[in-house]
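The structure appears below as structure tokens.
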Number of protein chains: 2
Amino acid sequence: MPKNADEKRLKILETAKRRFAHYGMAKTTMAEIAKDLSFSKALLYYYFPDKNSLYAAVLEHVVEELEEDIAESLKSVISVSEAIVIVLEKRMEFVKKYYYILEYTVLMRKDLSTELDQLLIDSFENQKGIIKSVFQRGVERGELMDVDLEEISKIFLFSCMGMRLVVVKDLKSSFIPDKEEFDAILAMQKKMSAIFIRGLKV
Amino acid sequence: MPKNADEKRLKILETAKRRFAHYGMAKTTMAEIAKDLSFSKALLYYYFPDKNSLYAAVLEHVVEELEEDIAESLKSVISVSEAIVIVLEKRMEFVKKYYYILEYTVLMRKDLSTELDQLLIDSFENQKGIIKSVFQRGVERGELMDVDLEEISKIFLFSCMGMRLVVVKDLKSSFIPDKEEFDAILAMQKKMSAIFIRGLKV
DNA sequence: GATTTGACTTTTGCTTTTAAAAATTCAGAT
DNA sequence: ATCTGAATTTTTAAAAGCAAAAGTCAAATC
């Protein structure tokens with residue numbers, strides 16, 4: 001019975017994820033999710049306190065997917081450069097794949113619930129941690145200088161993230177940037193990181 | 001007589017600049033500008049086709065101020081690092097000083113008039129040119145590697161600009177970021193550029 | 001003829017209104 | 001403890017009205 005309950009929770013999560021990924025938060029209604037599952041709308045509220053929490057759960061889910069994916073990919077990688085390229089590519093792939101889910105957090109930046117806000121902070125910290133550990137390995141191997149990695153990782157991440165913001169101007173129009181734009185951004189991020197890493201070499 | 005006409009045009013420009021710098025584009029009316037000068041509103045339209053053109057003229061004016069200021073400051077500077085720091089500081093000072101004037105272009109990013117759009121593109125190109133010539137001098141002096149400076153300058157500028165966008169989230173609320181935020185951004189930009197430049201060294 | 005203006009017209013940017021849609025609650029059924 | 005239908009509350013979005021601001025122009029002034 002409790003197992004069955006968990007299954008239902010998961011089903012809701014999956015269905016919501018599909019809807020959010022396709023139509024975004026604003027254009028997805030609780031009624032639609034319920035209908036997809038042939039559940040009553042009220043049942044959704046039995047498993048999730050409100051729409052926002054459901055969204056947060058979905059977001060957490062996909063963010064974990066990215067984190068695991070990156071962690072897995074980095075296992076076999078040796079050099080700092082290679083590792084950073086992997087991270088950048090995975091990140092970009094992720095943004096492309098879940099654009100409509102992520103869009104809401106960008107649009108709402110300011111007034112997000114504490115829950116969501118914390119989730120984003122955690123996600124950022126995780127990303128920073130990954131970058132940091134990549135650099136850390138470089139330092140240990142004598143490849144990179146011994147600098148304040150906490151700070152450097154943050155700066156590096158900010159540079160990469162910002163690059164995307166500069167190019168993608170119209171966040172309001174909820175229009176997904178085209179492949180060319182994404183590719184151009186990724187190319188710049190790679191080039192920047194190549195120079196950046198070189199600047200950290202011993 | 002024509003000289004007097006030019007003077008009036010300039011007076012309008014100055015008054016508009018003061019208003020725009022203090023209240024921003026949206027909160028400044030043509031009637032107010034006219035009243036400040038004891039001109040009739042219609043006279044403003046004799047010298048400028050519309051409010052947008054007046055704004056563009058003001059923006060062009062302040063942008064030129066920045067460009068000249070930077071060019072002047074760079075005359076005496078030798079090393080790449082020093083030069084870049086100067087550019088970053090001047091840029092930030094400029095943003096602080098004319099925040100309410102610049103705000104409009106950021107808010108309206110998408111639907112700006114061709115005129116304004118071109119002005120921003122030109123300004124960006126100018127900034128890129130400055131960075132490029134700084135790097136160029138570094139290359140000539142044998143300080144930096146010989147790379148595609150056009151591309152590198154763009155990437156460098158994007159990284160710096162983006163950094164600000166990442167930190168300043170609420171462009172909508174038309175709230176001026178506080179000194180601490182600006183300082184934090186500038187500090188990161190400086191650190192980033194130090195590593196970046198080191199990454200370009202021969 | 002180049003400037004300048006007051007009076008006039010058109011647009012734009014708010015409220016306010018309001019109807020529908022969506023979120024959320026809840027008493028009671030399973 | 002799970003689940004639902006029906007009812008309630010909140011949001012959203014379109015329409016209407018209105019005041020302020022943008023923009024025009026014929027006539028006056030220099």
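So you know, we letter chains A, B, ... as the sequences are listed, proteins then strands, and number each from 1.
To the nearest angstrom, P of C:dT24 lies 11 Å from CG of A:L44. Rounded to whole Å, the distance from NZ on A:K51 to C1' on C:dA21 is 11 Å. Atoms CE (A:M30) and P (D:dT9) sit 19 Å apart, rounded to a whole Å. A:K27 has its NZ atom 12 Å from the P atom of D:dT12, to the nearest Å. Distance CD1 (B:I33) to P (D:dG23): 11 Å, rounded to an integer number of Å. The separation between B:Y46 atom OH and D:dG23 atom C1' is 17 Å, rounded to whole Å. In this structure, the NZ atom of A:K35 is 20 Å from the C1' atom of D:dC3, given to the nearest Å. Atom CZ in A:F39 sits roughly 13 Å away from atom P in D:dG5 (whole-Å rounding).
A residue-by-residue look at B:A42 and A:L43 shows that A:L43 has its nearest nucleotide of DNA chain D further toward the 5' end.
Each of B:K132, B:E67, B:R91 was checked for a side chain to side chain donor-acceptor pair (under 3.5 Å) with B:Q127, and the lone residue meeting it is B:R91.
For A:D36 and A:T15, the side-chain atoms include no donor-acceptor pair closer than 3.5 Å. Residues A:T114 and A:D117 have side chains that never bring a donor and an acceptor to within less than 3.5 angstrom of each other.
At the phosphate of D:dC3, neither OP1 nor OP2 sits under 4.0 Å from any side-chain N or O atom of A:Y45.
Taking the six-membered ring where the residue is Trp, B:Y55 and B:Y104 present perpendicular rings, their angle passing 60° and hence far from 30°.
Side chain of A:D50, nearest nucleotide from D:dC25, C:dT24, D:dA21: C:dT24. Closest to the A:T29 side chain, of the nucleotides C:dC26, C:dT5, C:dA23, is C:dA23.
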- A:F182 and A:V95: side-chain contact (heavy atoms from CB on, under 4.5 Å), yes or no, with the steps? CA-CA 9 Å; A:F182 277 131; A:V95 171; 4.0 Å; yes

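For A:K41 against D:dG5, a side-chain-to-base donor-acceptor contact under 3.5 Å is absent.
As judged by a 4.0 angstrom heavy-atom cut-off over every strand, A:S38 is placed among residues making no nucleic acid contact.
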